[in-house]
Amino acid sequence: MPELPEVETYARYFARHALHQRVVRVDVRDERILDEIRRETFVRKLKGREFDEVRRHGKHLFARAGETWLHLHFGMTGDLAYYRGDEAPRFSKVIFDFEGGTHLAFEDMRLFGLAALVDSPDAFVIAKGLGPDPLDPAFTFDRFDALLARRRGAIKSLLMSQEIIAGLGNLYVDEILFQTSIHPKRAVDRIRENERRAVFTTMRRILNEAIRRHGRETELPGRYLFHHRETGERCPRCDGTIKRTVVFGRTTYYCGSHQK
DNA sequence: TTCCATGTTCCGCA
DNA sequence: TTGCGGAACATGGA
C-alpha cells in the first residue's frame, strides 16, 4: 500500500520498534529483492550493527547502520512487521533478527520493492534525480510552481512523476485532483495559479490527513474519492458520476461533473 | 479462467 | 527535448 503516507507510517514504525538493537542475523529469504548488491555484502555490512536513525524521502525509506544506510522501497505490496517468536510473515523477503529475540521482516508479495545499501539518503536522492518531498518544510509553493512551469502534459502525469515530486502515487494524485476539481488530463499549462495553489495546499492536507490515519486509506473521510473508486458511483461532492480512464498508464477515477 | 492491482523502468514513436 | 503509450516485471485476490 505504499505511497508517501504509508511509507511515512513504516518509517515511524521502524523508528519506534527497530532502533538501537544489535542485528544478530540478516536472513535474505529471496535474493530477487536485493537491488544491485550481492547477498553476502548486504549481510556482512548489516550484521552486528544497530540501526540508529530513520529517514524518508518520497516513497523511499532509509535506516542508518554505521557507515551505511539500509534503503527500502516498498513497490506495490511491501510492508514491515516487527514481531517476536518464530512465525515469520508469509511474504518475508528479508528478516533482521535482533538480540533479545525480536525480528523485523520486510515483506513484499509481488517483489516490486527492493532492499539495498546506500552511502547516504541525500546522495541517493540526487543520483536518482528524485524531486522534493512534498512534506519537506522547505518545499514551498513557489518551488512547486517552478517545477510545473515550462511543462506541458497532463497534470496527473506530472504529479505522478517522482523526478518532479517524490511520493505521490496513483491513489493520492486522483484524490488531490478530485478535491481540487481538476480533470486529471488537463494540461498543466492550462491550470491557473489559484488552482495550482489549491493543488499544493490540498496535497499537503491530504497527505497529513492520511498520515494521521496511519496511511490507512480506508479510514479517510467518506467524502474522499478513495471510497468511490468505481465506474458509475455517485460523486460524494456533487450530483455527478464517477468515471474511469487511463492516464500515465494507470487506472484513473474522477468525477465527470465537477472535475474540469 | 480472466482481469486487475497503491510502482518503476525501458523502448519506440511523435 | 519532451511526452506518451505499451510492455515487462511477479504474484495473489476478486
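From a predicted model like this one, the values you see are computed outputs, not experimental measurements. In what follows, chains carry the letters A, B, and so on, assigned in the order in which the sequence lines appear, proteins first and then strands, with residues in each chain numbered from 1.
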Using whole Å, report how far CG of A:D79 lies from C1' of C:dG12. 15 Å
Round to a whole Å and report the spacing from CZ of A:F226 to P of B:dT6. 11 Å
Measure the CG-CD distance between A:N170 and A:E3 for me, rounded to the nearest 0.5 Å. 7.0 Å
Tell me whether the ring of A:F112 lies stacked over the C:dC9 base, given a 5.5 Å limit on centroids and a 30° limit on the plane angle. yes
For A:F91, which contact category applies under a 4.0 Å heavy-atom criterion: base, sugar-phosphate, or nothing? sugar-phosphate
Length of the line joining A:R186:CZ and C:dC4:P, which is rounded to integer Å: 15 Å
Given atom CG of A:L111 and atom P of C:dA8, what is their separation to the nearest angstrom? 19 Å
Opposite nucleotide pairing with B:dT1, Watson-Crick or G-U, both atom distances under 3.5 Å: none
Just to be sure I understand the rule, does A:K128 reach a base, reach only the sugar-phosphate, or reach nothing, if contact means heavy atoms closer than 4.0 Å? sugar-phosphate
Which of these nucleotides, C:dC9, C:dG12, B:dT6, is closest to any side-chain atom of A:R90? C:dG12
Does A:S157 make a side-chain N or O approach to OP1 or OP2 of C:dC4 shorter than 4.0 Å? yes
Paired nucleotide for C:dA10 [Watson-Crick or G-U wobble; both distances under 3.5 Å]: none
Under 4.5 Å between any side-chain heavy atoms of A:C238 and A:C255, yes or no? yes
Quick one: sort the A:F106 and A:F74 rings into parallel, tilted or perpendicular, breaks at 30° and 60°. perpendicular
Using a 4.0 Å heavy-atom cut-off, does A:G153 contact any base of the nucleic acid, only the sugar-phosphate backbone, or nothing at all? sugar-phosphate
Distance in angstrom units between A:L114 CG and B:dT8 P, rounded: 10 Å
With a 4.0 Å cutoff (strictly under), does any side-chain N or O of A:T251 reach OP1 or OP2 of B:dA5? yes
Could you tell me how far apart A:M76 (CE) and B:dT9 (P) are, to the nearest whole angstrom? 14 Å
With a 3.5 Å limit on both atom pairs, tell me what B:dT6 is paired to, counting Watson-Crick and G-U wobble, or say none. none
Would you tell me if any nitrogen or oxygen in the side chain of A:R110 comes within less than 4.0 Å of OP1 or OP2 on C:dC9? no
If I take atom OH in residue A:Y172 and atom P in nucleotide B:dG7, what distance separates them, rounded to the nearest angstrom? 11 Å
Expressed in angstrom and rounded to an integer, what is the separation of A:D108 atom CG from B:dT8 atom C1'? 13 Å
Nearest-nucleotide wise, let me know which of A:R244 and A:F248 is further upstream toward the 5' end of DNA chain B. A:R244
Has A:R151 got a side-chain N or O lying under 4.0 Å from the OP1 or OP2 atom of C:dT2? no
NA contact type, A:R250, heavy-atom cut-off 4.0 Å: base, sugar-phosphate, or nothing? base
Check whether more than 12 heavy atoms from other residues, nucleotides or ligands sit under 6.0 Å from atom CD of A:E87, and answer yes or no. no
For A:H73 and B:dT8, is the shortest distance between a side-chain N/O and OP1 or OP2 below 4.0 Å? yes
If you measure from the Lys or Arg side-chain nitrogens to the Asp or Glu carboxylate oxygens, is any gap between A:D174 and A:K156 under 4.0 Å? yes
Could you tell me whether the side chain of A:R56 reaches within less than 4.5 Å of the side chain of A:F14, counting heavy atoms only? no
Is the shortest side-chain N/O distance from A:K59 to OP1 or OP2 of B:dT8 below 4.0 Å? yes
